[in-house]
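Encoded as structure tokens, the structure appears first; notes follow it.
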Amino acid sequence: MTLNTAQSNAVETLHGPLLVLAGAGTGKTRVVTYRIARLIRNGIRPNRILAVTFTNKAAKEMQNRIAELLPNHSRKNAKPETSTFHSLCVRILRRHITKLGYPQQFAIYDRGDQESVARQVLKEIKVSNAALRPGEMLAKISSWKSLGLDYPKAAREIKIETAKDYLVLRAYEYYQNILRTVGAVDFDDLLIITENLFQIPEILEEESKRFDHLLVDEYQDTNMSQYRIIKGLALPHRNLCVVGDDDQAIYGWRGANVKHILSFQQDWPDAKIIRLEENYRSTKQILNWANRLIVFNKQRHSKKLLSPISGETPNIIQCKDGETEAKIVVTKIKERLTAAKCQPRDFAILFRTNEQPRAFEMELRNAKIPYTLIGGQSFFDRKEVRDILSYLKVVNHPNDDISLLRILNTPPRGIGATTIQKLTAAAVLQKIPLWDMLGTGIETMSELQDKTSETLHSFRVLIEEQQKNLRRDFTVQNLKNFLSVIDYEREINRQYQDPNERSNRWDSVGEVFNAAAEYINDTEKPALWEFLDNTSLAGSDFGSEKKKGLNQNVVVLMTLHAAKGLEFPEVFMVGMEEGILPHHRSVREDNILAVDEERRLCYVGLTRAKQHLTLTLALQRMKWGKMRPTIPSRFLYEITAQTENPNYARAIANEPPQRKK
């Protein structure tokens, strides 16, 4: 496939700041990879090029495409560096984090580890679950970190408006102190600590000199720390190419700031702007609706999606209630499966909130149509996977108290909850890691029985032996020996009576082993710490595990947020009502920016459809056991305001939604 004029222009602009506004379905990844290939063909050394994106999957796809374009540059020392933001920051931190008082072999805490720390913090500051849940605490801390506010900055700058704000700010200090004590960071810390390191001039100079060209994908999704890190790395050479679409900026709730892409020319006054508007995914009729909708957002880069593909005009269906809506959608899917000889995988039902899919699931089951609801348990959240990785984390970094507490009596060794409580209390009192308590610290605890002390000593010896093996020589054979020594199969046999369940659980352990073996076989100098970094970062992709059902031949049910980046021949967008889309929070707050993001979310949903698009709404819905009337979404009126078919306006309602003045 050849490049169109706008794509060619982006690929051939090799120097200076460049903003590529890539509308939905306009070949963004192709432009990025072709541009990297052009840089290399023009004499730029591959290892002087850095391309940054948001998911491991996107980084891997970029690597593969570049390898196809440049088969003669596939040697390890001749590859451009393609990376996620978090992977990039891990590499920087491994080089410099000791300057901020952290150990070089710091642990990376995932969501499960964070929740364990959060529960510990709330217990320590005597805050009940009713007053503040661990998830609420972590979400608020994460939102502050995404703004670049570590605890000292948050304490100075956060305006306390509610009792929960006060509790979270208090908890934030304890939370960070615990992480520092055990030599751990969370995913947000990877960014914010890197940003803090860049305040040291010699470190920023060293890191910015590693590359001569920097490319950033999905630039509209950058948060404050990511924005400042990229700016710091690019300032010396100014060869910064950012690719993104402000019309698809839907992660404001996660800390992303659309202003970064809107104000790119203010940061880089000599920047060139190229618009990719030729869509290769959807019909012109679908794009007409998307274009009509998004112009109601005033703060945006002007662009208009175009398509050479003609098709049917999208449809709006008004339903009596939510149950009828589900029946109509599933009936239409069934008809299309029969009459048009479609496959189940051709259909997606997209919704705004997690409460919506229940009725659709029931109808799909009744119709015996296979489906998947995207959003199951992550592989990395399974108990047996977390247990095995916790063992490896302790072998790598024994001061990791959270991982150590998880495995201390797994499988059971006769170390009871009372003993663990005593050990933890003594460690806190003496201000030492729990690991040290298992050494000479045991001798200071006369209340422990001799048998318990011997068991604790034996456990420490077991870990120390594995440190000698796995930290010195991370091989497949040593890993096999490790699995045998910890006797984890005994834990599975104890927990699960059903043979099939036991087999499935043990298979999950096998997958951890397989992942390690693949890493070892593909790496010139494998190391345990690097493997743990890779697994931590693999589990950090937003929604990555939740999209595995897309490989099956089934109807897909998923949220609009999860659907970004995907495409389907036939899309049903359901629940097009005020309070659902736009969500009631954005409307209630009367926040124009919040409603703008909801409009962008609707736009993302529209542009997932390739050939057929149907929007549905219900005139009434059941809420808390009572049927209540609804108001059609304002987005329906915006879409149909200039439609060629005036019957649409009459089809959706008699009166438009009440607008706030």
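Since the model is a prediction, treat every value here as computed from it, not as a measurement.
Ring planes of Y172 and Y151: perpendicular class, angle over 60° (limits at 30 and 60°). Y219 and F264 have perpendicular rings, their planes meeting at more than 60° on a 0 to 90° scale where under 30° would count as parallel.
A salt bridge does not link R91 with D533: none of the charged nitrogens is closer than 4.0 Å to a carboxylate oxygen. Ion pairing of E638 with R292 is absent here, as no side-chain N (NZ or NE/NH1/NH2) approaches a carboxylate O to less than 4.0 Å. In summary, E207 and R95 engage in a salt bridge, as defined by a charged side-chain N under 4.0 Å from a carboxylate O. Checked for salt-bridge contact, R352 and E598 meet the test: a charged N lies under 4.0 Å from a carboxylate O. Under the 4.0 Å criterion applied to side-chain N and carboxylate O atoms, E277 and K304 are not assigned as salt-bridge partners. With salt bridges taken as basic N to acidic carboxylate O contacts below 4.0 Å, one links R111 and E115. In this structure, R600 pairs ionically with E597, as a charged nitrogen and a carboxylate oxygen lie closer than 4.0 Å. Salt bridge K140/D165: present, at least one basic N to carboxylate O contact under 4.0 Å.
At a threshold of 4.5 Å between non-hydrogen side-chain atoms, the residues L293 and C602 count as touching. For the pair D245/L21, no side-chain contact is recorded, criterion being any heavy-atom separation below 4.5 Å from C-beta on. Two residues are said to be in side-chain contact when any heavy atoms from C-beta on lie closer than 4.5 Å; F106 and I108 meet this criterion. Between F351 and L557, some side-chain heavy-atom pair lies under the 4.5 Å cut-off. Residues I230 and T222 form no side-chain contact, since every pair of their non-hydrogen atoms from C-beta on lies 4.5 Å or further apart. Residues V571 and F568 meet the side-chain proximity criterion, which asks for heavy atoms closer than 4.5 Å. Contact check for H213 versus R48: no side-chain heavy atoms found under the 4.5 Å cut-off. Side-chain contact between S146 and S225 is absent, with no heavy-atom pair separated by less than 4.5 Å.
Atom CD of E136 is separated from atom CD1 of I141 by 12.0 Å, given to the nearest 0.5 angstrom. A distance of 9.0 Å separates CG in L14 from CG in N239, rounded to the nearest 0.5 Å. Between the CZ atom in R38 and the OG1 atom in T33 there is a gap of 12.0 Å [rounded to 0.5 Å]. Interatomic distance, NZ of K99 versus CG of N196, reported as 14.5 Å (0.5 Å rounding). Remark: I97 CD1 to Y102 OH distance equals 6.0 Å, nearest 0.5 Å. Interatomic distance, OG of S143 versus CH2 of W253, reported as 12.0 Å (0.5 Å rounding).
Using a distance-only test at 3.5 Å, with no hydrogens or angles considered, no donor-acceptor pair links the side chain of H612 to the main chain of P314. Without hydrogens or angle criteria, Q220 side chain to I261 main chain gives no donor-acceptor distance under 3.5 Å. No donor-acceptor pair closer than 3.5 Å links the side chain of K272 to the backbone N or O of D270. Remark: side-chain polar atoms of S586 are not paired, donor with acceptor, to backbone N or O of P582 under 3.5 angstrom. A donor-acceptor pair under 3.5 Å is absent between the side-chain atoms of E567 and the main chain of R608, judged by distance alone. Side-chain atoms of T559 come within 3.5 Å of backbone N or O of A562 as a donor-acceptor pair. At distances below 3.5 Å, at least one donor-acceptor pair connects side-chain atoms of R300 with backbone N or O atoms of K303. Put simply, the side chain of R41 never gets that close to the backbone of I36: no donor and acceptor are under 3.5 Å apart. With Q7 contributing its side chain and N4 its backbone, the two residues share a donor-acceptor pair below 3.5 Å. Checking side-chain atoms of S142 against main-chain N and O of A139 turns up no donor-acceptor pair under 3.5 Å.
Judged by the 6.0 Å distance and 45° axis criteria, R254 is positioned over the aromatic ring of Y251. The side-chain tip of R599 does not point at the ring of F635 from less than 6.0 angstrom away and within 45° of straight on.
If you check the side chains of E578 and H584, you find no donor sitting under 3.5 Å from an acceptor. Side-chain contact annotation: T26 with N279, donor-acceptor N/O pair under 3.5 Å absent. Using modelled atom types, one finds a donor on one side chain and an acceptor on the other under 3.5 Å when comparing Q285 with S310. No side-chain N or O of T98 forms a donor-acceptor pair with one of Q104 less than 3.5 Å apart. Side-chain atoms of Y603 and N297 include no donor-acceptor pair closer than 3.5 Å. The closest side-chain donor-acceptor pair between T84 and S87 falls under 3.5 angstrom. Judged purely by distance below 3.5 Å, without hydrogens or angles, the side chains of S307 and R281 never pair a donor atom with an acceptor atom. A donor-acceptor contact closer than 3.5 angstrom links the side chains of Q176 and K145. Checked by atom type, the side-chain pair D189/Y109 shows no donor-acceptor distance below 3.5 Å.
Pairing each heavy atom of D150 with each of I192, the nearest pair is N-CD1, 3.3 Å. For the pair T607 and S282, the tightest heavy-atom approach, listed with the atom from each and the gap, is O-OG, 3.9 Å. R35 approaches T13 most closely through the heavy-atom pair NH2-O, 2.6 Å. Contact record, L615 with L606: CD2-CD2, 3.8 Å, taken as the closest heavy-atom pair. Shown here for S208 and G232, the closest heavy-atom pair between the two residues is CB-O, 3.9 Å. Scanning both residues, I286 and A609, for their nearest heavy atoms gives CD1-O, 3.7 Å.
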Notebook entry, point to check: side-chain contact (heavy atoms from CB on, under 4.5 Å) between E195 and L191: does it pass, once the steps are laid out?
Noted result: CA-CA 6 Å; E195 187 185 348; L191 302 174; over 6 Å; no
Checklist line | W144 vs L169, side-chain contact (heavy atoms from CB on, under 4.5 Å): CA-CA, chis, key distance, verdict | finding: CA-CA 10 Å; W144 290 340; L169 188 59; 4.0 Å; yes
Next item on the list: Evaluate the criterion side-chain contact (heavy atoms from CB on, under 4.5 Å) for residue pair T82 and I66; output intermediate values, then yes/no.
Entry: CA-CA 10 Å; T82 56; I66 294 168; 4.1 Å; yes
Next item on the list: For L581 and E577, run side-chain contact (heavy atoms from CB on, under 4.5 Å): C-alpha distance rounded to whole Å, both residues' side-chain angles, the deciding distance at 0.1 Å, then the answer.
Entry: CA-CA 6 Å; L581 187 67; E577 299 139 34; over 6 Å; no
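Each of E61, E218, E278 was checked for a salt bridge (Lys or Arg N to Asp or Glu O under 4.0 Å) with K28, and the lone residue meeting it is E218.
Atom NZ of K259 sits in a sparse spot, with 12 or fewer heavy atoms from other residues, nucleotides or ligands closer than 6.0 Å. Counting heavy-atom neighbours within 6.0 Å of Q299 CD, excluding the residue itself, gives a total of 12 or less.
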